[in-house]
Number of protein chains: 2
Amino acid sequence: MARAARDVSGTRDAVATMLHGHAQRLTPTRQRIVDVLAGAAGPLTIPEILAAGRGLAQSSVYRNLVVLEEAGVVHRVVTTDDFARYELDEDLTEHHHHLVCSNCGRVEDLPATPAVEKSVAAAVEQAARRAGFRTQHHRLDLVGVCAQCGS
Amino acid sequence: MARAARDVSGTRDAVATMLHGHAQRLTPTRQRIVDVLAGAAGPLTIPEILAAGRGLAQSSVYRNLVVLEEAGVVHRVVTTDDFARYELDEDLTEHHHHLVCSNCGRVEDLPATPAVEKSVAAAVEQAARRAGFRTQHHRLDLVGVCAQCGS
DNA sequence: CTTTCTGCAAACGATTTGCAGCAGC
DNA sequence: GCTGCTGCAAATCGTTTGCAGAAAG
């Protein structure tokens, strides 16, 4: 619920601006989707979004997530299970990592720590550069057993 | 090509042992798949495996990858593009990270550096434990533009 | 011979798309 | 009105599965 405490109206304006920059409007359906994602503790699957945002049509959710992704509002997160997951872009939240449960597939956010970030940014960036790779951002996931699944 | 230099027969024995432990045989098809993966510079998609291992049937590749994954020989790697990718398990190679090209989807391996590993293992593990999460392993991907796509 | 593996073709299911109606400007 | 958004239903496509024959032990 950490993210739910964020400045909601500020997020709304930011989202509207991002959409307008891509010649898109912030429709009620899109607002609903963003609200659902903003209130979640981690990336959500489409079924989860449908369940949380009552009355949303499946195809509209898929279609709007594409629009929102192009506008940089949301980000697709792919894990090992069958469903794609979506979360708000880190511009709208904070940089974080993921705790991926290898048993139930659930994904929770984990705030990034400066120490890890620094080490990752430095050493890995250097190694990547050696391979002629221009890094845009990184992903760090911890795979294991979540609190609910662990005995 | 780094992995291609590895001890191939040793890998073969290890794979056979892992399969036997799961009541499975190391058939020619499975050997072929493992060879293809062992010679790759990163995780491969099924189409890439099919192209590299001439004469393999698509369904056999899918089916055998499931068997190999259950035996712990290979690992499914999911990125953002449409296809699933597979690589040899880190028991058979070394711990490494991935360079994911956000343009073409290609994935290359990047050897892990002790400094990064240590930092990640320490700080993040601690944070995860706080959330009641028992970490099994981690994934670190760098997303950016690969050498071929970058101008 | 019995069991497992292979490959073809059909089935599955998450995601995408065509289209008709409705809302916003 | 014209343009874009919604939702239903049909199409798509990566992946899975049923089945009959081939191969291993």
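Letters go in sequence order (proteins before strands), and every chain restarts at 1. Owing to the predicted nature of the structure, the values given are computational and were not obtained by experimental measurement.
As rounded to whole Å, 11 Å separates atom P of D:dT16 from atom CD of B:E70. Atom CG in A:L65 sits about 10 Å away from atom P in C:dT15, given to the nearest Å. Atom CD of A:E48 and atom P of C:dA14 are 13 Å apart (whole Å). Here the C1' atom of nucleotide C:dA10 and the CD atom of B:Q58 are 13 Å apart, to the nearest Å. Between A:E69 atom CD and C:dT15 atom C1' the separation is 13 Å, expressed in whole Å. As rounded to whole Å, 12 Å separates atom P of D:dT6 from atom CD of A:Q31. One can place CZ of A:R25 at 12 Å from C1' of C:dC22, the figure rounded to the nearest angstrom. The CZ atom of B:F83 sits 14 Å away from the C1' atom of C:dT15 (whole-angstrom rounding).
At a threshold of 4.0 angstrom between heavy atoms, the contacts of B:S60 include nucleobase atoms, whether or not backbone atoms are also involved. Residue contacts for B:Q24: at a heavy-atom cut-off of 4.0 Å it reaches the sugar-phosphate backbone alone, with no base atom in range.
Taking side-chain N and O atoms only, B:Y62 has no distance below 4.0 Å to OP1 or OP2 of D:dT16. Put simply, A:N64 has no side-chain N or O that comes within less than 4.0 Å of OP1 or OP2 on D:dC5. Regarding contacts with the backbone of D:dC5, every side-chain N or O of A:T29 stays at 4.0 angstrom or more from both OP1 and OP2.
Classification of the B:H75-B:H137 ring pair by plane angle, with boundaries at 30° and 60°, yields perpendicular.
Separation of atoms OH (B:Y86) and CD1 (B:I46) is listed at 5.0 Å; rounding is to 0.5 Å.
Closest-nucleotide positions on DNA chain D for B:Y86 and A:T27 were compared, and the one nearer the 5' end corresponds to A:T27. Positionally, the nearest nucleotide of DNA chain C for B:R63 lies more toward the 5' end than for the other of B:D82 and B:R63. DNA chain D is contacted by both A:L56 and B:V66; A:L56 maps to the nucleotide lying nearer its 5′ end (nearest heavy atom per residue).
Taking only side-chain atoms of A:R76, from C-beta outward, the nucleotide of C:dT15, D:dT6, C:dT6 with the closest atom is C:dT15. Residue A:S59 places its side chain closer to D:dG7 than to any other of D:dG7, D:dG14, C:dT15.
Using modelled atom types, one finds a donor on one side chain and an acceptor on the other under 3.5 Å when comparing B:H95 with B:E117.
Considering only heavy atoms from C-beta on, B:H97 stays 4.5 Å or farther from B:R139 through its side chain.
Taking the six-membered ring for Trp, A:H96 and A:H98 have ring centres closer than 6.0 Å.
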